[in-house]
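Input: a single structure, listed below in structure tokens.
Computed from a prediction, not measured in an experiment: that's the story for all the values here. Chain identifiers are assigned alphabetically (A, B, ...) following the order of the sequence lines, protein sequences preceding nucleic acid strands; residue numbering begins at 1 within each chain.
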Amino acid sequence: MSTRARMLAAVRASQPAALPLPAVPLFEGEASVGKFTTVLESIGGQVVSLSHLNQLAATVALRYPSEYRVASALLRTTVAVNAATAATILESIDLAVLRGAFGVAENGSVWLPEAAMLHRALPTIAQHLVLVLDRRDLVATMHHAYGRLASQPGGYGIFLAGPSKTADIEQSLVIGAHGARSLTVLLC
Amino acid sequence: MSQSPTHAQRSDVFLLDAERTTWHDETLWFVRQKRDKAVYATPEFQELRQLASDIKDHTLSQLAEYLEQFEAAALANGVRVHWAADADEHNAIVLGIVRAAGASRVVKSKSMLTEECHLNPHLLANGVEVIDSDLGERIIQLRGEAPSHVVLPAIHLKKEDVGETFWQHLGTEKGLTDPQQLTEAARQHLREKFLAAEVAISGVNFAVAETGSVVVCTNEGNADLAIGLARVHIACMGMEKLLPRLSDLAVFTRLLTRSATGQPITTYTSHFTRPAPGKEMHVVIVNNGRSQQLGRPDFRASLKCIRCGACMNTCPVYRRSGGHSYDFTIPGPIGAILSPNIDMRQHVSLPFASTLCGSCTDVCPVKIDIHTQLYKWRQVLGAEGMLPASKKYSMKLLSRVLARPGLFKAGGVAARLGLRLVPHALSHAPGYNPWAIARELPAPPKQSFREWYAHQSSVSAK
Ligand code: SF4
């Protein structure tokens, strides 16, 4: 018998009688910009409001040094990135500006699907990260968030909440462990 | 009888440094308080716990079906699925994938399962460089230690220890203790490893039967960076990690970090469903004793654990004895339930490393009856004749005394008199009275309760 068959047989032999699967209610909460901002800022991110998407280039230019090597599908950028870009090129990117699909107010996270990343490693290898989000795309809780995904998580996707961080040395919070050293969400 | 040192003997080593013990205790209690704040800020938290518990109970009751559903979905997504009955088979499968990829460099993100299987030594012995990329894991890897906590693997170390380790292994300045600068040094060092690695290994926090996805939760982004760059991703999962539906993740992602560190969510909650074009994704499903635990009705619920660490942070025994004193991959209250399932004889002292205060059960986000199971293990171990001699004979004596009122009365008189007469050095001799280590005995009362009671009733009769 294969290991697979043996393992499944062992599990079947040990399983108790079937128990019901509960329905999970759609827990509500506040889906406001205020709530999203407070939570994201409490975990090290920043939120900046744009009145219109056409302000994006000017806002990025204002907030980040001009010599930054920028990768983005939303801006005219200095580094062209696609799924086949070599790691040595990705490594040199200072800033990635990407489009988030929706935000979750209860925990300050933004759903970033593979299609919005250019390359799967880009959101973590870039030194700094900007996510652009439509303020109408805020949901209250994770229940609404998974409702939006409706059993279609895509090939790869992240709920991304704030800059990379660690507290592994004496529980002191340090921002910028392996991934982006800062995260700014531009709400338009 | 058991030859390996007991939990109490191993914690003696940790307790030698009283200052560090106090610090360890306070730091973990601080994490527990952060958990409380996050919990009170979530109005439906208790409802979520019940849902999580029920979803897990259901999944375990149909685990074989969900495993098959998961496998079918993953295969349809282009993921390769492997089955491992035990640690050896798991290690052989992983090494086989690494070899087939022609790889010699591997980066690993945090995974208690690969610790449980001792994967690192196996890869190293076979000429594969394996680097742990989570900062805490990397620190203990450089020191040649095991994690002492499931979420905070280096919680037993102070920044001076980390500075010393990095000075020796990463060439940082001697005496550097600033966490920011130490983390920066690790960032630079690990980036080189990420860029060079051909294979990335990750653990699995949750697997979804409906979609065939695996979900990995990190704050550092090390799993995403490693997997995003490497050509081959191997996800190693214990078979109890399954959830039926994608939407169930809403319940579990809301509970996990709030219970663990008080965060609303991990920085990266990543869903891996299909390999990137031209790349490989493998999932290794591991049993290693889990089906056996599933077949023990009293201990089955321990398989619901989502490894948040809340029971460790709240446990007065764990906080004051340190994770290494458990000598098991998963320490603390939950480890003390899981370990006798693996080896009763070796881990016989762990179910006794508890005050049975029940705090672990109170904080557990999936409502595992941890303290009840600890109590049940004690009975099982007793019935198997594995109690340590000191406990066995004192318990036998006690039950005989308690069964005979006359004897109990005589014993009380003797004890009250004896305690007054016996010199302190004898009543506190460590060999005879372990209870009195670092404790004072209460002053013996002049009267017994019976005498007091008799006196009371004669007074009120007057
Ligand atoms: S037993 Fe419960 S509290 Fe302990 S780590 Fe597991 S899920 Fe968390």
Close side-chain approach of [X] and [Y], heavy atoms under 4.5 Å:
X	Y	value
A/Leu21	B/Arg245	yes
B/His271	A/Ile158	no
B/Glu192	A/Glu91	no
A/Ser109	B/Thr267	no
A/Val24	B/Ile55	yes
A/Met7	B/Glu89	no
B/Val31	A/Gln171	yes
A/Ser151	B/Glu210	yes

Legend entry - From A/His178 atom NE2 to B/Ser109 atom OG, the distance as rounded to the nearest 0.5 Å: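 Those atoms lie 9.5 Å apart.
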
Inset, instruction - Hey, could you give me the CZ/CG distance between B/Arg138 and A/Asp168, rounded to the nearest 0.5 Å? - result: 13.5 Å

Inset, instruction - State plainly whether the residues B/Arg254 and A/Glu106 are in salt-bridge range, i.e. N to O under 4.0 Å. - result: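 Yes, charged N to carboxylate O under 4.0 Å.
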
Legend entry - Donor-acceptor side-chain pairing of B/Asp224 and A/Tyr156 below 3.5 angstrom: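 Side-chain D/A pair, B/Asp224 to A/Tyr156: present.
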
Legend entry - Donor-acceptor side-chain pairing of A/Ser14 and B/Gln292 below 3.5 angstrom: no

